[in-house]
Amino acid sequence: MCVNYLPAHRRQLAEHFAAHPPAEDWPDECWQDYAAPIITPAADGSLQALAANYGFVPRRHLPGGLRLTTLNARAETLGRLATYRDAWHGGQRCLVPMLAFFEPCYESGRAVRHRIGLASGKPFAVAGIWRSWAEPDGRTSHAFSQITINADAHPLLQRMHRPGEEKRSLAIVPPEHYQQWLHAGSAAHAHALLQPYPASLLRHEAAPPGPVTMALF
């Protein structure tokens with residue numbers, strides 16, 4: 001499943017998502033435990049972007065010896081797993097703004113990294129779940145997971161991942177559903193918004209890894 005992606009840039013948060021950017025910087029390419037922006041409702045009803053850890057349970061908060069990867073949360077088990085249950089039923093949903101995400105394609109007989117984004121080239125948002133953490137120095141930090149759905153029948157995403165594995169896809173939220181996703185009155189309503197995104201609106205291409213830089217603009 002997706003373990004790295006390209007977060008939206010600072011200017012795009014304001015211009016495309018109408019969200020005030022956070023003060024912190026973040027890398028152009030995001031991996032586990034990197035900082036990246038997420039979008040949540042502000043107290044005044046507007047949208048705000050918070051800098052958050054990619055991974056619902058940061059490594060620094062794991063008990064000694066425990067290994068747990070929380071980059072992606074399966075839509076089917078959000079309400080049952082202890083890791084996500086309280087946040088899901090508590091309505092702690094967010095949008096994860098990005099330019100593209102990466103998946104491995106094995107159609108050539110080996111894993112080839114593919115970049116997947118909108119055919120329009122515009123930024124988009126993936127459904128996410130988030131929480132806050134109390135840090136030893138008194139600060140409050142934030143962390144998130146992206147939400148995934150089954151993609152066995154998706155014309156594009158079913159081509160990704162190792163043969164024989166269940167196919168999964170990030171749950172892309174169309175702009176017209178942003179407010180519904182963030183403000184859904186029940187978990188059932190929110191879950192109903194997690195739908196496959198039309199393959200005709202997506203673009204993919206082989207994309208070898210590149211250097212990490214900072215998204216300062």
Side-chain angles (χ1 to χ4, degrees), residues 1-2 5-10 12-22 26 30 35-57 70-81 83-101 103 116-120 122-132 142-151 154 156-157 168-202:
M1 197 47 242
C2 175
Y5 71 97
L6 305 180
H9 298 150
R10 183 176 300 280
Q12 292 164 338
L13 292 178
E15 294 179 354
H16 187 82
F17 297 98
H20 185 71
W26 57 91
C30 189
I38 60 172
I39 296 173
T40 66
D44 62 2
S46 64
L47 297 181
Q48 64 180 350
L50 305 174
N53 182 86
Y54 182 28
F56 199 76
V57 183
T70 53
L71 303 179
N72 302 304
R74 295 173 63 92
E76 298 87 343
T77 56
L78 278 168
R80 302 197 306 270
L81 290 183
T83 301
Y84 301 112
R85 184 175 55 224
D86 290 347
W88 175 246
H89 290 294
Q92 290 173 222
R93 297 179 297 273
C94 64
L95 296 167
V96 184
M98 63 179 70
L99 302 176
F101 58 94
E103 301 285 10
I116 300 168
L118 296 191
S120 66
K122 293 181 179 180
F124 59 98
V126 164
I129 186 169
W130 72 285
R131 63 160 292 174
S132 297
H142 309 293
F144 72 98
S145 287
Q146 299 170 120
I147 296 176
T148 70
I149 57 178
N150 181 272
H154 193 276
L156 172 59
L157 278 307
R168 304 290 299 178
S169 169
L170 297 181
I172 297 175
V173 181
E176 62 269 24
H177 290 168
Y178 287 173
Q179 292 296 330
Q180 290 184 61
W181 171 251
L182 294 173
H183 297 285
S186 68
H189 180 194
H191 197 280
L193 296 172
L194 300 173
Q195 298 295 327
Y197 201 75
S200 61
L201 300 181
L202 298 174

Checklist line | Approximate separation, where rounding is to 0.5 Å, of H20 NE2 and R10 CZ | finding: 8.5 Å

Check: Under the side-chain contact (heavy atoms from CB on, under 4.5 Å) test, which residues partner A42, sequence neighbours left out?
Finding: D44, S46, Q48

Note to self: I want to check something: taking the side chain as every heavy atom from C-beta on, are I149 and P196 in contact at a cut-off of under 4.5 Å?
What the structure shows: yes

Margin query: Go through it in stages, so that I can follow the logic: the residues are I172 and L201, the test is side chain to side chain contact (heavy atoms under 4.5 Å, CB included), and I'd like the CA-CA distance, side-chain angles, deciding distance and then a yes or no.
Written below: CA-CA 11 Å; I172 297 175; L201 300 181; over 6 Å; no

Next item on the list: Go through the structure and list residues passing side-chain contact (heavy atoms from CB on, under 4.5 Å) with E76, not counting sequence neighbours.
Entry: R74, N150, R168

Notebook entry, point to check: In Å, rounded to the nearest 0.5 Å, how long is the span from CD of Q146 to CZ of F101?
Noted result: 8.5 Å

Margin query: When you compare the side chain of P37 with that of P7, does any pair of heavy atoms fall below 4.5 Å?
Written below: yes

Item checked: Separation of H9 NE2 from L99 CG (nearest 0.5 Å) -> 5.0 Å

Check: Would a distance-only check, ignoring hydrogens and angles, find a side-chain to backbone donor-acceptor pair under 3.5 Å from W88 to R80?
Finding: no

Checklist line | Close side-chain approach of S169 and H154, heavy atoms under 4.5 Å | finding: no

Item checked: Heavy-atom pair with the smallest gap, counting every atom of G128 and V96 -> CA-CG2, 4.2 Å

Check: How would you list, by chain and number, every residue that makes a side-chain contact (heavy atoms from CB on, under 4.5 Å) with A52, sequence neighbours excluded?
Finding: I38, H142, F144

Checklist line | Atom pair CG/CG of L118 and L202 - distance to nearest 0.5 Å | finding: 6.5 Å

Next item on the list: Please name the pair of heavy atoms, one in A36 and one in Y5, separated by the smallest distance, quoted to 0.1 Å.
Entry: CB-OH, 3.2 Å

Next item on the list: To the nearest 0.5 Å, tell me how far L170 CG sits from E103 CD.
Entry: 6.0 Å

Next item on the list: Using side-chain contact (heavy atoms from CB on, under 4.5 Å) as the criterion, list what pairs up with A125, not counting sequence neighbours.
Entry: F17, L95, Y178

Check: Is the backbone of I129 close enough, under 3.5 Å, to the side chain of Q92 for a donor and an acceptor to pair up by distance?
Finding: no

Next item on the list: Find the distance between OG (S145) and CH2 (W130) and round it off to the nearest 0.5 Å.
Entry: 13.5 Å

Next item on the list: Write down the atom of A119, the atom of S200, and the distance for their closest heavy-atom approach.
Entry: CB-O, 4.3 Å

Counting only pairs under 3.5 Å, give me each side-chain donor-acceptor contact of residues 180-195, with atom names and distances, residues two or more places apart or in other chains.
residue, atom, partner, partner atom, Å
W181, NE1, C94, O, 2.8
H183, NE2, Q179, OE1, 3.1
S186, OG, H189, N, 3.1
H191, NE2, A75, O, 3.1
Q195, NE2, A192, O, 2.8

Notebook entry, point to check: Closest approach of A87 and F56, non-hydrogen atoms and distance?
Noted result: CB-CZ, 3.8 Å

Next item on the list: Taking all heavy atoms of V126 and all of V173, pick out the closest pair and write down the distance.
Entry: C-CG2, 4.2 Å

Next item on the list: Taking all non-hydrogen atoms of both residues into account, name the closest pair between L157 and A151 and its distance.
Entry: CB-CB, 3.8 Å

Next item on the list: Please list, chain by chain and in numerical order, all residues satisfying ring pair (Phe, Tyr, Trp, His ring centres under 6.0 Å) with Y197, sequence neighbours excluded.
Entry: none

